[in-house]
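Step one of this worksheet: look at the structure below.
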Amino acid sequence: RELLGPPPGGAGARISHGAELSGLMSSSERDFSGGRRAQGARGFGLVEVLVALAVGAIALLGAAVVAVEGLRAGGAALRAAVATSLAADMAARIRANGRATPAYAGDGPGQDAGCSQPAATCTPAELSGDDWFQWLAAIEARLPRGAAGSVRLNQGDAGGAPCPCTVEVRWPEPGQAHNVGVRLVLP
């Protein structure tokens, strides 16, 4: 329908009802950037938002699994490094008390003979028992419950030199069916 009448500022012009005037769009016809939206564009639907949230949640879950596995692997590596250090500690004790190497064979337990005291005078056999006691205490303190150590003599040297032996430290590792361990072979 058309309206007839003089427009403001001029005579005899015709204006259509509903004609679009520049700059007078309703807020539903504008997008957030101030420009004009395409016909039929309504923004994100609920389904799209839910799919995006699900994809994001799966990505975060994957990142959490990777982080947990990294922590687990780091813990296992730390325990292996501690066990290696403890095996090297017992190897150093055996070398320092070489005359009593056969006394180190076995699984302990040893006894606290006080040989670590500065004024202590211990026989090689007492020192080996004290070394066992100190070593097993360190294993118990630094590795998970159930950890153990052992020293096995390899074929002895007939020339009277200290016998070659194998020092082993074993501990239960989470997620493993059997104990894991570190073995150090002394020449």
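One-based numbering along the sequence shown. Every heavy atom of this structure was used, including side-chain atoms; hydrogens, water molecules and symmetry mates were not. Since the structure is predicted, the reported quantities are computational estimates derived from the model, not experimental observations.
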Just to verify, what does P124 make a side-chain contact (heavy atoms from CB on, under 4.5 Å) with, not counting sequence neighbours?
N97, R99, A100
Which residues share a salt bridge (Lys or Arg N to Asp or Glu O under 4.0 Å) with D107, sequence neighbours left out:
R152
Less than 3.5 Å apart, which donor and acceptor atoms pair up between the side chains of residues 82-94 and the rest of the protein, not counting sequence neighbours?
residue: T84; atom: OG1; partner: A80; partner atom: O; Å: 2.8
residue: D89; atom: OD2; partner: R93; partner atom: NE; Å: 3.1
residue: R93; atom: NH1; partner: D131; partner atom: OD1; Å: 3.1

In the structure I gave you, are the side-chain heavy atoms of S150 and R170 within less than 4.5 Å of one another anywhere?
yes
Any side chain to side chain donor-acceptor pair (under 3.5 Å) pairs touching residues 137-148, not counting sequence neighbours?
none
Output every pair passing salt bridge (charged side-chain N to carboxylate O under 4.0 Å, His left out) with a member in residues 54-68, not counting sequence neighbours, ordered by first then second residue.
none
Can you run down the salt bridge (charged side-chain N to carboxylate O under 4.0 Å, His left out) pairs that involve residues 44-63, sequence neighbours left out, and say none if there aren't any?
none
Do W171 and V182 have side-chain heavy atoms sitting under 4.5 Å apart?
yes
Do V169 and F133 belong to the same hydrophobic cluster, where Ile, Leu, Val, Met, Phe, Trp and Tyr are linked whenever their side-chain heavy atoms lie under 4.5 Å apart, directly or via other members?
no
Sequence neighbours left out, what pairs pass salt bridge (charged side-chain N to carboxylate O under 4.0 Å, His left out) with at least one residue falling in residues 172-181?
R79-E173
Counting C-beta onward and ignoring hydrogens, is there a side-chain heavy-atom pair between T166 and V151 closer than 4.5 Å?
no
Return the set of residues passing salt bridge (Lys or Arg N to Asp or Glu O under 4.0 Å) with D130 (not counting sequence neighbours), or none when no residue passes.
none
To check you understand the geometry: which heavy-atom pair defines the closest contact between L127 and C115, and what is its length?
CD1-CB, 3.7 Å
Of all heavy-atom pairs between P144 and P172, which one has the smallest distance, and what is that distance?
CG-O, 3.9 Å
Under 4.5 Å between any side-chain heavy atoms of L153 and P102, yes or no?
yes
Sorted by chain and number, sequence neighbours left out, ring pair (Phe, Tyr, Trp, His ring centres under 6.0 Å) with W135 holds for W132
Taking side-chain hydrogen bond (donor to acceptor under 3.5 Å, both in side chains) as the definition, give me every residue that meets it alongside R183, ordered by chain and number, with sequence neighbours left out.
E168
List the residues meeting salt bridge (Lys or Arg N to Asp or Glu O under 4.0 Å) with E69, not counting sequence neighbours, and say none if there are none.
R72
